[in-house]
Amino acid sequence: MDCLPNNSDNKTLKSLSSDRRLDSMDLKSNHTALVLADPAPLNKSTLRVSSGLLPYSGATLSQNLFLTVPTMKAGILDIRASNCLDSMESSSPPDKKSRDFNNDLESTDTDVAYCAWLLKYPSALASFDQITNPAKGKRIALFLDYDGTLSPIVDNPDCAFMSNDMRAAVKNVAQFFPTAIISGRSRDKVYEFVGLSELNYAGSHGMDIMGPVRQSFDDHSNCIRSTDNQGKEVNLFQPASEFLPMIDEVFNSLINNTKDIRGAKVENNKFCVSVHYRNVDEKDWTVVAQRVHDVIRNYPRLRLTHGRKVVEVRPVINWDKGKAVTFLLESLGLSNCEDVLPIYVGDDQTDEDAFKVLREGNCGYGILVSSVPKESNAFFSLKDPQEVMEFLKSLVVWKKTSTLCNK
């Protein structure tokens, strides 16, 4: 398959409910599995203007990582597979290229809905002063998702390359602000795509973090000393390390169980497994859902989450991108500091955990990358990776100007 980006395709996401951060889950035998999927399209009645930031109240790092999930009974397999299919369908609307844009009325309604949505999630470019004015005299810490944020969504996940211009923009912004990539990809894979040693990297939705050495983490049971690609000593934090054999086992099983499904691709992201069905005929999605559940039914410590045309198998632990942000701020020596303003830019459902941490902690801004209305915990929005690049360049110009003015 040619490695050509599909710029017309965008991922969707769903705002996570307040109980998303519970330290335990009760999956009884007559309940469906925990499934995170994208929401139905918004209508005008759901839109409201967001409030401003409150003073920073700080955040603490949870030590209670593991969630309790009773063993599921085999009899609910078909129900779970059916719900998986429902989530696959709801999280994967038709591609833009397959829609009929000749319908002027539909196009007008879409434009009106998006304009109304921007009242709640204003453009981070148009609202740049609103973002940077509170940052005067503060240190900005920047956190970025990868797929759909720094690179376009493409049919082949192995070809999600960022442009040279985007790489230059990220490199430049990292010279002025502590910058980290937090991706659902494996840490090694996202580093291979980005290729910048100036950054901190968190893979597997924050379950594999490489950051600067901090003495306070030396006694942490999930944190070890390691070295990066340049031989520099770093801290490696992997709260789901005990799941590695299980993840590898599930990965191999999913490879075998889906090898006859045309277009299906299984990706090992170290601490989670992604089953991509972007290139699978929709009539075969039922088969994908059933095959996935044929595998994970025997793994009660694993759960499913859903993104745009991807099903992910992840460990059942109390850890996500939001907690990864908190951990990275602490490892960078920036936690509980009133002069720090974290900014998180992401487009995926899993980025909502990070948006929520910043919103509920009243300590920073979440910026959602989306070209269509989505409910979110973010404060601002950007339409696509191109606008993300413009935002990063604007931050650099603002920082240089601010530095000159303060001399």
Side-chain angles (χ1 to χ4, degrees), residues 9-14 16 20 34-38 87-88 91-92 143-162 180-194 199-210 237-240 243-244 247-248 250-251 254 265-278 292 296 302-325 327-328 344-357 366 368-370 374 376 378 385 388:
D9 194 10
N10 289 281
K11 293 188 293 183
T12 59
L13 85 179
K14 176 186 178 182
L16 302 181
R20 173 69 178 83
L34 176 65
V35 173
L36 303 182
D38 293 310
S87 296
M88 290 167 64
S91 64
S92 303
F143 302 93
L144 304 168
D145 180 32
Y146 183 76
D147 291 276
T149 299
L150 300 181
S151 71
I153 300 300
V154 295
D155 288 340
N156 185 350
D158 290 335
C159 299
F161 305 121
M162 65 192 303
I181 307 290
I182 304 180
S183 172
R185 302 268 192 166
S186 70
R187 179 171 49 81
D188 291 340
K189 173 64 75 172
V190 75
Y191 180 83
E192 180 183 332
F193 279 141
V194 178
L199 312 179
N200 296 289
Y201 292 87
S204 304
H205 302 294
M207 288 182 282
D208 187 10
I209 301 176
M210 181 176 285
F237 181 70
Q238 297 176 332
F243 287 87
L244 282 175
I247 291 295
D248 287 340
V250 168
F251 170 69
L254 286 171
K265 180 177 178 58
V266 183
E267 181 181 15
N268 189 338
N269 287 313
K270 192 165 186 175
F271 292 99
C272 60
V273 179
S274 301
V275 181
H276 300 272
Y277 56 95
R278 178 173 303 279
V292 170
I296 71 162
L302 300 177
R303 64 187 174 107
L304 288 183
T305 60
H306 290 256
R308 185 176 176 86
K309 295 184 179 176
V310 62
V311 180
E312 290 190 314
V313 181
R314 298 167 60 180
V316 180
I317 67 169
N318 187 23
W319 195 262
D320 51 41
K321 287 186 176 182
K323 290 181 172 60
V325 167
F327 181 88
L328 280 167
Y344 188 105
V345 186
D347 75 310
D348 192 75
Q349 166 192 306
T350 57
D351 297 314
E352 287 298 313
D353 295 307
F355 296 155
K356 189 175 183 181
V357 164
L368 170 65
V369 183
S370 179
K374 308 281 184 3
S376 176
V388 172

Could you walk me through whether Met162 and Val194 pass the side chain to side chain contact (heavy atoms under 4.5 Å, CB included) check?
CA-CA 7 Å; Met162 65 192 303; Val194 178; 4.0 Å; yes

Could you go step by step and tell me if Gln349 and His306 meet the side chain to side chain donor-acceptor pair (under 3.5 Å) rule?
CA-CA 8 Å; Gln349 166 192 306; His306 290 256; over 6 Å; no

Would you check, one step at a time, whether the test side chain to side chain donor-acceptor pair (under 3.5 Å) holds for Asn269 with Ser274?
CA-CA 7 Å; Asn269 287 313; Ser274 301; 3.0 Å; yes

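In this structure, Glu267 pairs ionically with Arg185, as a charged nitrogen and a carboxylate oxygen lie closer than 4.0 Å. Salt-bridge formation is not detected for the pair Lys270/Asp188: no Lys NZ or Arg NE/NH1/NH2 atom is positioned less than 4.0 Å from an Asp or Glu carboxylate oxygen. Electrostatic pairing of Asp353 and Lys323 does not count as a salt bridge here, judged by no charged N lying under 4.0 Å from a carboxylate O. Arg308 has no carboxylate O lying under 4.0 Å from a charged side-chain N of Asp348, or vice versa, which leaves the two without a salt bridge.
Ring planes of Phe327 and Phe237: parallel class, angle under 30° (limits at 30 and 60°).
Distance check, rounded to the nearest 0.5 Å: CG of Leu199 to CD1 of Ile181 gives 5.5 Å. Remark: Glu352 CD to Tyr344 OH distance equals 10.0 Å, nearest 0.5 Å. Distance check, rounded to the nearest 0.5 Å: CD1 of Ile209 to CD1 of Ile182 gives 7.0 Å. Taking CG from Asp320 and NZ from Lys356, the interatomic distance works out to 9.0 Å, rounded to the nearest 0.5 Å. Asp155 CG to Lys265 NZ: the interatomic distance, rounded to the nearest 0.5 Å, is 12.5 Å. Here Ser151 contributes atom OG and Asp145 contributes atom CG; the two are 8.5 Å apart, rounded to the nearest 0.5 Å.
Contact record, Gly184 with Cys272: O-SG, 3.8 Å, taken as the closest heavy-atom pair. Of all heavy-atom pairs between Ala240 and Ile317, the closest is CB-CD1, 3.8 Å. In terms of heavy atoms, Leu254 sits closest to Val275 at CD1-CG2, 3.9 Å. Here the closest non-hydrogen pair linking Pro315 and Arg303 is O-NE, 3.6 Å. Considering all non-hydrogen atoms of both residues, Ala354 and Val325 come closest at CB-CG2, 4.0 Å. The two residues Ala378 and Gly366 have their closest heavy-atom pair at CB-O, 3.4 Å.
Listed by chain and number, the residues in a side-chain contact (heavy atoms from CB on, under 4.5 Å) with Asn200 are Ala180, Pro212, Leu328, Leu332 (sequence neighbours excluded). Among residues two or more places apart in sequence or in another chain, the ring-ring contact (aromatic ring centres under 6.0 Å, His included) test is passed with Phe271 by none. For Phe143, there are no ring-ring contact (aromatic ring centres under 6.0 Å, His included) partners at least two apart in sequence or on another chain.
Side-chain contact between Asp351 and Lys321: present, with at least one pair of heavy atoms (C-beta onward) separated by less than 4.5 Å. At least one side-chain heavy atom of Thr350 sits under 4.5 Å from a side-chain heavy atom of Arg314. Met210 places a side-chain heavy atom less than 4.5 Å from the side chain of Arg187.
Stacking of Lys189 on the aromatic ring of Phe193 is recorded, both the 6.0 Å distance cut-off and the 45° axial limit being met.
Side chain of Tyr146 to backbone of Tyr191: no donor-acceptor contact under 3.5 angstrom is found.
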